[in-house]
Amino acid sequence: MASGPFRCAFSRCEIMKQRLENTNAGDMEFSSHGGWNRMKKWISVCMICIFAVVIALSGCGKKPAAPGNTADGTNQGAGGGAGAGGTQPGAKFNIGMVTDIGGVNDNSFNQSAWEGLQKLEKDTGAKVKYLQSKSDSEYIPNLNQMVKSNFQLVWGIGFIIGDAMKTVATQNPEAKLAIIDNVVDAPNVASVTFAENEGSYLVGVVAGLMTKTNKIGFIGGMDIPVIKRFEAGFKAGVAAANPNAKVSINYTGAFDKPDSGKAAAATIYNDGADIIFHAAGATGNGVFNEAKDRLKGGKKVWVIGVDQDQSKMFGNDVTLTSMMKRVDLAVHRVSNDLINGKFEGGHTVVLGLKDDGVGLPADAAKNVPEDVLKKVDEYKQKIVKGEIKVPES
C-alpha cells in the first residue's frame, strides 16, 4: 500500500477519477466528438495527478527543522562543518577553560590560553567556552559546572587553580582535565609547565646590556614557584650580561591589581631604574601605565612584557621586548591531542627554549639592537645545549 506523500497523491487521483466516471456514466457511445472530449478529460486527470504528487512530496511528508540551535545547545547552521561539505574532526567536542582571578582579558596567560582555544575552534570545529573566576572560591564550582555539562576537556589556567583541580579530578575520575603552570598528580589530568627561568634569562641579558643606569627592576604578582622561576632566571641573565647591574624585587601579591603594579613601578623607577620586567598578569598593566605616564613627562623608561608580545597592547614606545610564554600553543596542542584520541592524563609536559615554549618575540629587533640579539642567541644556544644551567629559585 502507498504511504507518506504517495498515499496523499493516490487519494487525490482517486477522487478525480470518480468525478470523471460519474460525469460519463450512461454515455457508452463513442463518436469522434464525444471520444475527443473524454480523451481531454483523461488528460486533465493525469495532469492533476502529477500536480498532486508534487504537492504531496512537499507538503505531506515531515517538515525539516530549520537551521539553528538544537536542544543540547549546539548549532546546526549551514556554515562550516558538515554543512560546508564534511564534518570537521573536532565538531563533536566541547572544550572549556576556567580562568584564575586575572581574567580572560589580562593581556597575559589567561588571554593567551583563550586565544589557543579560539584557534582550536577555527582549526577543528570544536566548540569552546570559558568561565571567568572572580575569586578563589569560584574555582571548584566553575570546574564542576563544565564537567557536569559534559565538556570532554576542561582546562584550569594558572598555578593557583591546582588544589581545586585536584579536588574536582578526584571527585570526577571519568572527566578529562588539564592545567597550566602546575602539576596535579591525578590520572585524568594533563599538566603543562614551562621553563620560565630559561626565557627570563634571555630578557635578563637584554636588560643587562641595555640599561643605562645599572638599575633594573622585577615586579612579580603572587610569590609562588612559577613566578620565582621568572625572578631567578631574570636575575641570572642580568648578572651574566652585566655584573655591575642591580635588580630590585617587588611582589604585589596579586595578578589582578593594576593600581598595585603602577605603585610598585613608580617606586622602582624613582630609585633610578630604567627597565622593569614584570611577571604579574593583569597587575602588570599598571607597570605599563606608569611607564607611559613618565614618557609623557619626558622621562624614557622601559618595560619588559610577559607571556605575550605586549608591545601589541601597550606600544613599542615603552615595551622593550617581552618574555613569550606560549600558553596558546600548549592549550592548542593538548586539546588537539584529545580530539585525535591521544590525550595523556597523569602526564606532565615541560616546555622550554628547545621547544620554542619560551623566548623573545619574532620581531624583537624593533627596540633591541642586532648586536644585543646576537648575544642573546649565543646564550640561548648554550642553554639548549646544557652548557648553562639556569636556576629555578
Exercise. How far apart are the C-alpha atoms of Met165 and Val189, what are their side-chain angles, what is the distance that settles it, and do they pass the side chain to side chain contact (heavy atoms under 4.5 Å, CB included) test?
Worked result: CA-CA 8 Å; Met165 179 155 285; Val189 179; 3.9 Å; yes

Exercise. Stepwise, does the side-chain hydrogen bond (donor to acceptor under 3.5 Å, both in side chains) test hold for Lys228 with Asn197?
Worked result: CA-CA 8 Å; Lys228 297 300 286 188; Asn197 52 320; over 6 Å; no

For this session: Show your working on salt bridge (Lys or Arg N to Asp or Glu O under 4.0 Å) between Lys257 and Asp259 and close with a plain yes or no.
Result: CA-CA 5 Å; Lys257 305 295 182 186; Asp259 289 346; over 6 Å; no

Problem set entry | Pair Phe314-Val303, side chain to side chain contact (heavy atoms under 4.5 Å, CB included): steps then yes or no | CA-CA 10 Å; Phe314 300 104; Val303 182; over 6 Å; no

For this session: Let me see the working for Phe218 and Ile275 under side chain to side chain contact (heavy atoms under 4.5 Å, CB included), right down to the final yes or no.
Result: CA-CA 9 Å; Phe218 173 82; Ile275 301 172; over 6 Å; no

For this session: Decide side chain to side chain contact (heavy atoms under 4.5 Å, CB included) for Thr321 and Asn367; before the verdict, give the C-alpha distance in whole Å, the side-chain angles of both, and the deciding distance to 0.1 Å.
Result: CA-CA 7 Å; Thr321 187; Asn367 286 321; over 6 Å; no

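Remark: Lys292 NZ is packed, more than 12 non-hydrogen atoms of other residues, nucleotides or ligands lying under 6.0 Å away. Within a 6.0 Å sphere centred on NZ of Lys300, heavy atoms belonging to other residues, nucleotides or ligands number more than 12. More than 12 heavy-atom neighbours from other residues, nucleotides or ligands sit within 6.0 angstrom of CG on Asp223. The number of heavy-atom neighbours closer than 6.0 Å to CG of Asp163, taken from other residues, nucleotides and ligands shown, is 12 or below.
Nearest heavy atom pair, residue Ile179 against residue Gly162, reads CD1-CA, 3.6 Å. The minimum heavy-atom distance linking Ala273 with Val301 is given by the pair O-CG1, 4.3 Å. Scanning both residues, Asp256 and Gly102, for their nearest heavy atoms gives CB-CA, 4.2 Å. For the pair Pro391 and Ala232, the tightest heavy-atom approach, listed with the atom from each and the gap, is O-CB, 3.7 Å. For the residue pair Gly158 and Asp100, the shortest heavy atom distance occurs at CA-OD2, 4.4 Å. For the residue pair Gln88 and Lys122, the shortest heavy atom distance occurs at NE2-O, 3.8 Å.
For the atom pair Leu295 CG and Phe288 CZ, the distance stands at 13.0 Å (nearest 0.5 Å). Between the CD atom of Glu196 and the CE atom of Met323 there is a distance of 6.0 Å, given to the nearest 0.5 Å. From Leu209, atom CG reaches atom CG of Asp371 across 8.0 Å, with rounding to the nearest 0.5 Å. For the atom pair Lys375 NZ and Glu378 CD, the distance stands at 4.5 Å (nearest 0.5 Å). The structure places NZ of Lys134 at 10.5 Å from CG of Asn142, a figure rounded to the nearest 0.5 Å. Taken from CD in Gln145 to CG in Leu131, the straight-line distance is 5.0 Å, to the nearest 0.5 Å.
Thr170 contributes a side-chain N or O that, together with a main-chain N or O of Lys166, makes up a donor-acceptor pair within less than 3.5 Å. Distance alone, capped at 3.5 Å, is enough to place a donor-acceptor pair between the Ser112 side chain and the Asp328 backbone. The closest donor-acceptor contact from the side chain of Asp106 to the backbone of Gln111 lies under 3.5 Å.
No hydrogens or angles considered: a donor-acceptor pair under 3.5 Å links the side chains of Asp274 and Thr213. Inspection of the Asn242 and Asn214 side chains reveals an N or O donor paired with an N or O acceptor under 3.5 Å. Using a 3.5 Å distance cut-off with no hydrogens or angles, the side chains of Gln308 and Glu115 do pair a donor with an acceptor. Side-chain contact annotation: His278 with Gln310, donor-acceptor N/O pair under 3.5 Å present. A side-chain N or O of Arg294 and one of Asn270 form a donor-acceptor pair less than 3.5 Å apart. At a cut-off of 3.5 Å, with distance as the only test, a side-chain donor of Ser335 or Trp155 sits close to an acceptor on the other residue.
A salt bridge links Asp181 to Lys325: at least one charged side-chain nitrogen sits closer than 4.0 Å to a carboxylate oxygen. A salt bridge is defined here as a Lys NZ or Arg NE, NH1 or NH2 lying under 4.0 Å from an Asp or Glu carboxylate O, and Asp377 with Lys380 fails to meet this definition.
Below 30°, between 30° and 60°, or above 60°: for Phe277 and Phe234 the angle between ring planes is between 30° and 60°, a tilted geometry.
Asn110 is not listed as a side-chain neighbour of Val327, based on a closest heavy-atom distance of 4.5 Å or more. Residues Ile383 and Val390 form a side-chain contact, since some pair of their non-hydrogen atoms from C-beta on lies under 4.5 Å apart. Leu338 is listed as a side-chain neighbour of Lys176, based on a closest heavy-atom distance under 4.5 Å. Side-chain contact between Ile95 and Lys127: absent, with no pair of heavy atoms (C-beta onward) separated by less than 4.5 Å. Using a 4.5 Å heavy-atom cutoff, the side chains of Leu360 and Ser322 are not in contact. Between Arg326 and Val358 there is no side-chain heavy-atom pair separated by less than 4.5 Å. Contact annotation: the side chain of Asn336 approaches that of Thr124 to within less than 4.5 Å [non-hydrogen atoms, C-beta and beyond].
Residue Lys262 forms a side chain to side chain donor-acceptor pair (under 3.5 Å) with just one option from Thr283, Asp293, Asn289, Thr252, and that option is Asp293.
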